[in-house]
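This report refers to the structure that appears directly beneath it.
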Amino acid sequence: MAGNYWLFKSEPGAYSYEDLVRDGVAEWDGVRNYQARNFLRDRIKNGDQVLFYHSNAKPTAVIGTAVVVKAGYPDDTAWDQNSDHPDPKSSPDNPIWYMVDIRPLDRFSKEVTLQDIRNNPLLEDMLLLKKGGRLSIQPITEQQYCTICKMGKC
DNA sequence: GCCAACGTTGGC
DNA sequence: GCCAACGTTGGC
């Protein structure tokens, strides 16, 4: 299988890996950044594998893996005024924002912290480490994915 | 809580 | 189309 690999960021206070395990399947909604939207809409496919990263956490780290179970489709929370992130410019007829569904795979027995990633020369090219690597959805390589999985002993 | 680095908005 | 102001992200 020639799927793609991604890193999804989430603030654990908003939605943690534990929440994903509890829910079983999560709609990855609320992404309001065009670059990330393009990935969600055009590139992320069923079966793609995902590293789940906790940002704004102690420590900031990759917690586990997940798999995409539904490719990009319109984010209907955008036109729900009661949602956490409504956008009046988006509508069912003309959706601006997209989301995917993911399901948890393996929780790491050891969190892979940002510092661990920095310290591994194999991972020096990751967007996460670049200045301004704030994108909440980042493409990663298979090698980067596998390296981090091994570090997390999953 | 601070602040650097971005993205977005809006006046012109 | 430029760019200043503003909001957000996210590490520390």
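Sequence lines set the chain letters: A, B, ... in the order given, protein chains first and strands last, and positions in each chain run from 1.
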Identify the pairs formed between an N or O of the protein and an N or O of nucleotides 8-12 of chain C at a distance under 3.5 Å, and give each distance.
from: C/dT8; atom 1: O2; to: A/R134; atom 2: NH1; distance (Å): 3.0
from: C/dT9; atom 1: O2; to: A/R134; atom 2: NH1; distance (Å): 3.2
from: C/dG10; atom 1: OP1; to: A/K9; atom 2: NZ; distance (Å): 2.9
from: C/dG10; atom 1: OP1; to: A/R134; atom 2: O; distance (Å): 2.4
from: C/dG11; atom 1: OP1; to: A/Y53; atom 2: OH; distance (Å): 2.8
from: C/dG11; atom 1: OP2; to: A/N56; atom 2: N; distance (Å): 3.1
from: C/dG11; atom 1: N7; to: A/N56; atom 2: OD1; distance (Å): 3.2
from: C/dC12; atom 1: OP1; to: A/R118; atom 2: NH1; distance (Å): 3.2

A/K131 has an atom NZ; how far is it from atom P of B/dC6, in whole Å? 6 Å
Run the salt-bridge test on A/R32 and A/D75 with the 4.0 Å N-O cut-off and return the result as yes or no. yes
Expected list for residues 93-104 of chain A: side-chain donor-acceptor pairs under 3.5 angstrom, two or more places apart:
from: A/W97; atom 1: NE1; to: A/D87; atom 2: OD2; distance (Å): 2.7
from: A/D101; atom 1: OD1; to: A/Y73; atom 2: OH; distance (Å): 2.5
from: A/D101; atom 1: OD2; to: A/Y73; atom 2: OH; distance (Å): 3.4

More than 12 heavy atoms of other residues, nucleotides or ligands under 6.0 Å from NZ of A/K150: yes or no? no
Please check if atom CD in A/E18 has more than 12 non-hydrogen atoms from other residues, nucleotides or ligands closer than 6.0 Å. yes
Strand-adjacent residues in residues 74-101 of chain A, judged by heavy atoms under 4.0 Å from DNA chain B: A/K89
Answer yes when A/R22 and A/D19 have at least one side-chain N-carboxylate O distance shorter than 4.0 Å, and no when they do not. yes
Would A/D48 and A/R43 pass as an ion pair if we require N to O under 4.0 Å? no
State whether a side-chain donor-acceptor pair under 3.5 Å links A/Y5 with A/Q144. no
In this structure, would A/L128 and A/W6 fall into the same cluster of hydrophobic residues linked by side-chain contacts under 4.5 Å? no
